[in-house]
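One structure is given here, and the rest of the page talks about it.
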Amino acid sequence: MADVVNLVEPLRPPRPGKGSVDEQADAWLAYLYSGVATDADRRQFSQWLHESPAHSSAYAQAEQLWRDLGMAAARTQPAPQKNPQAIPAAQQTSRPQPKPRRLRVAFAMAATLIAVFALGWFQFHDPATTRYSSATGEIRTIELADRSVVTLSGASAIVAHLSEHERRVELVSGRAYFDVVPDPQRAFFVKVAATEIRVVGTAFDVNKSPGGVEVSVTHGLVEVRDAAAVPDQNPLGKQPAPAVRRIEAGQKLLAKLDGALVAAPERFDPGVDLGWKTGHLHYVNTRLESIVAEVNRYRDSPIVLADASLGDLRITTSFQTDQTDQLLAGLTASYSVEITPSRNRVVVHAR
């Protein structure tokens with residue numbers, strides 16, 4: 001038993017910057033599933049996940065390997081799908097075989113958590129809470145336990161909590177399109193940064209970028225408000241409280257990351273703004289900083305703007321998610337910039 005105790009003791013939040021990105025992802029996965037993570041730990045994890053698309057990708061791969069081993073299926077997967085078309089695309093195609101080191105780490109984590117359970121102090125996460133993520137370059141479709149469907153763009157992550165009384169999802173990073181099943185008894189809430197979106201049954205897109213949180217509605221009606229504000233006690237369909245904006249089908253709204261609503265709702269073109277769902281990225285007079293943030297969800301070598309002023313450039317362009325180098329080619333052809341590729345990133349400098 002002494003050997004088992006020594007095996008369990010190392011479960012701690014990973015130290016920032018310690019080890020490779022893969023090792024940090026493995027350490028976070030083991031710690032989050034240990035049942036001892038605090039709210040502060042989860043905030044630290046959320047911050048780490050946001051720092052780089054490489055972090056989101058590494059964690060998605062670690063979690064997928066964990067599922068493949070069958071150790072977390074009861075807590076991370078929805079009920080078995082009866083409709084084969086609802087199975088996530090990532091499960092319909094073959095995945096690269098995990099590195100031997102990651103397999104060893106996964107088995108070691110499994111042994112650790114089994115030992116914890118044997119000691120009697122392992123506490124499972126709330127079974128109503130499920131984490132989903134997509135790898136860099138992957139567009140993943142998920143069916144939640146209530147049969148609502150969520151499509152994740154590349155390097156994106158959500159945490160879903162569906163209980164008897166409410167349905168809540170946090171968009172931790174990236175972008176997601178929600179097609180929510182109506183349930184008048186359980187409103188559906190999406191939280192991203194300091195913004196909260198409230199619906200009953202509708203379809204809408206949420207994109208988190210350095211420029212803020214953009215909500216675009218394709219069907220139905222949603223309410224958008226600052227999540228830190230006084231909770232809105234009015235039911236959907238009544239006059240909204242101050243600082244709450246309603247947007248309807250065909251409208252989009254931008255909020256700052258601190259929750260402040262930027263302007264009144266405006267019209268949008270779903271064929272342009274939501275092209276990412278079919279692998280097309282379209283931008284019309286869009287800040288380069290926001291474009292780069294989204295494009296990096298589909299690149300192994302992220303684009304970095306060396307000069308902050310470049311982020312304010314307004315760009316109109318379109319390309320496939322697997323042809324993002326076209327953005328770089330367009331920048332060099334139309335603007336005074338210089339591209340410096342390196343082993344793990346591409347840096348854009350002003351000339």
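- A donor-acceptor distance shorter than 3.5 angstrom exists from the side chain of Thr286 to the backbone of Val284, with no hydrogens or angles considered.
- The two residues Ile247 and Pro265 make their nearest non-hydrogen contact at CG2-CG, 3.4 Å.
- Here the side chains of Tyr298 and Ser153 are in contact, with some heavy-atom distance below 4.5 Å.
- Of the possible polar contacts, none joining the Arg225 side chain to the Val244 backbone as a donor-acceptor pair under 3.5 Å is found.
- Grouping the Ile, Leu, Val, Met, Phe, Trp and Tyr side chains by contacts below 4.5 angstrom, directly or via other members, places Val347 apart from Ile315.
- Taking the six-membered ring where tryptophan is involved, the planes of Trp28 and Trp48 are tilted, since the angle between them lies from 30° to 60°.
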Could you walk me through whether Val262 and Leu253 pass the side chain to side chain contact (heavy atoms under 4.5 Å, CB included) test, one step at a time? CA-CA 8 Å; Val262 175; Leu253 181 69; over 6 Å; no

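- By the side-chain hydrogen bond (donor to acceptor under 3.5 Å, both in side chains) test, Thr324 is found to be paired with Arg299, residues two or more places apart in sequence or in another chain being considered.
- In terms of heavy atoms, Val21 sits closest to Ala54 at CG1-O, 3.7 Å.
- We find the CG-CG distance between Asp325 and Leu328 to be 5.5 Å, quoted to the nearest 0.5 Å.
- Two residues are said to be in side-chain contact when any heavy atoms from C-beta on lie closer than 4.5 Å; Val346 and Thr340 fail this criterion.
- Transitive grouping of hydrophobic side chains (ILVMFWY, heavy atoms separated by less than 4.5 Å) brings Val295 and Leu313 into a common cluster.
- A side-chain donor-acceptor contact under 3.5 Å links Asp258 to the backbone of Ala260.
- Separating the OG atom in Ser318 from the CD atom in Gln323 is a distance of 10.5 Å, to the nearest 0.5 Å.
- At least one side-chain heavy atom of Val292 sits under 4.5 Å from a side-chain heavy atom of Leu305.
- Shortest non-hydrogen contact noted between Tyr335 and Gly330 is CD1-O, 4.4 Å.
- For Phe204, the ring-ring contact (aromatic ring centres under 6.0 Å, His included) criterion is met by Phe178, not counting sequence neighbours.
- With contacts defined as side-chain heavy-atom distances shorter than 4.5 Å, the pair His280/Gln320 qualifies.
- With sequence neighbours excluded, the residues that form a side chain to side chain contact (heavy atoms under 4.5 Å, CB included) with Lys191 are Ala227.
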Could you give me the CA-CA distance, side-chain angles and deciding distance for Ser301 and Asn344, then say whether side chain to side chain contact (heavy atoms under 4.5 Å, CB included) is met? CA-CA 5 Å; Ser301 54; Asn344 57 0; 5.9 Å; no

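- Screening residues 336-351 for salt bridge (Lys or Arg N to Asp or Glu O under 4.0 Å), with sequence neighbours left out, gives no hits.
- In summary, Glu196 and Arg168 engage in a salt bridge, as defined by a charged side-chain N under 4.0 Å from a carboxylate O.
- Here the closest heavy-atom approach between residue Ala176 and residue Trp276 is recorded as C-CZ2, 4.3 Å.
- Here the OG1-CD distance, from Thr218 to Gln251, works out to 12.5 Å after rounding to the nearest 0.5 Å.
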What's the verdict on side chain to side chain contact (heavy atoms under 4.5 Å, CB included) for Asn296 and Ile303, showing C-alpha distance, side-chain angles and the deciding distance? CA-CA 6 Å; Asn296 281 344; Ile303 300 171; 3.7 Å; yes

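- By the 4.0 Å N-to-carboxylate-O rule, Glu223 lies too far from Arg245 to be salt-bridged with it.
- You'll find the side chain of Ile139 stays beyond 4.5 Å of the side chain of Lys277, heavy atoms only.
- Side-chain heavy-atom separations under 4.5 angstrom define the hydrophobic clusters, and Phe189 shares its cluster with no other residue.
- Under the 4.5 Å side-chain contact rule for hydrophobic residues, Tyr177 and Val149 do not share a cluster.
- Across all non-hydrogen atoms, the minimal contact from His349 to Ala306 is ND1-CB, 3.4 Å.
- Leu274 is listed as a side-chain neighbour of Asp205, based on a closest heavy-atom distance under 4.5 Å.
- Between Asp300 and Thr136, some side-chain heavy-atom pair lies under the 4.5 Å cut-off.
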Take Tyr283 and Glu294 through the side chain to side chain donor-acceptor pair (under 3.5 Å) test and state the conclusion after the steps. CA-CA 11 Å; Tyr283 304 100; Glu294 182 161 33; 3.0 Å; yes

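- A pairwise comparison of heavy atoms in Asp146 and Arg167 identifies OD2-NH1, 2.6 Å as the closest pair.
- Residues Leu310 and Ile339 share a single hydrophobic cluster, defined by chaining ILVMFWY side chains whose heavy atoms lie under 4.5 Å apart.
- Side-chain heavy atoms closer than 4.5 Å link hydrophobic residues (I, L, V, M, F, W, Y) into clusters, and following such links, even through other members, never connects Val199 to Leu254.
- Using a 4.5 Å heavy-atom cutoff, the side chains of Glu214 and Lys252 are in contact.
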What verdict does the side chain to side chain contact (heavy atoms under 4.5 Å, CB included) test give for Ser163 and His161, after you've listed the backbone C-alpha separation in whole Å, the side-chain angles of each residue and the deciding distance to 0.1 Å? CA-CA 6 Å; Ser163 69; His161 178 90; 3.8 Å; yes

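- Annotation for Val181: hydrophobic cluster partners, listed by chain and number, are none (ILVMFWY side-chain heavy atoms under 4.5 Å, direct or chained).
- Going from atom CG of Leu171 over to atom CG of Asn207 covers 8.5 Å, rounded to the nearest 0.5 Å.
- If you take OG on Ser156 and CD on Glu138, they are separated by 9.5 Å, rounding to the nearest 0.5 Å.
- A distance of 14.0 Å separates CZ in Arg147 from CG in Asp183, rounded to the nearest 0.5 Å.
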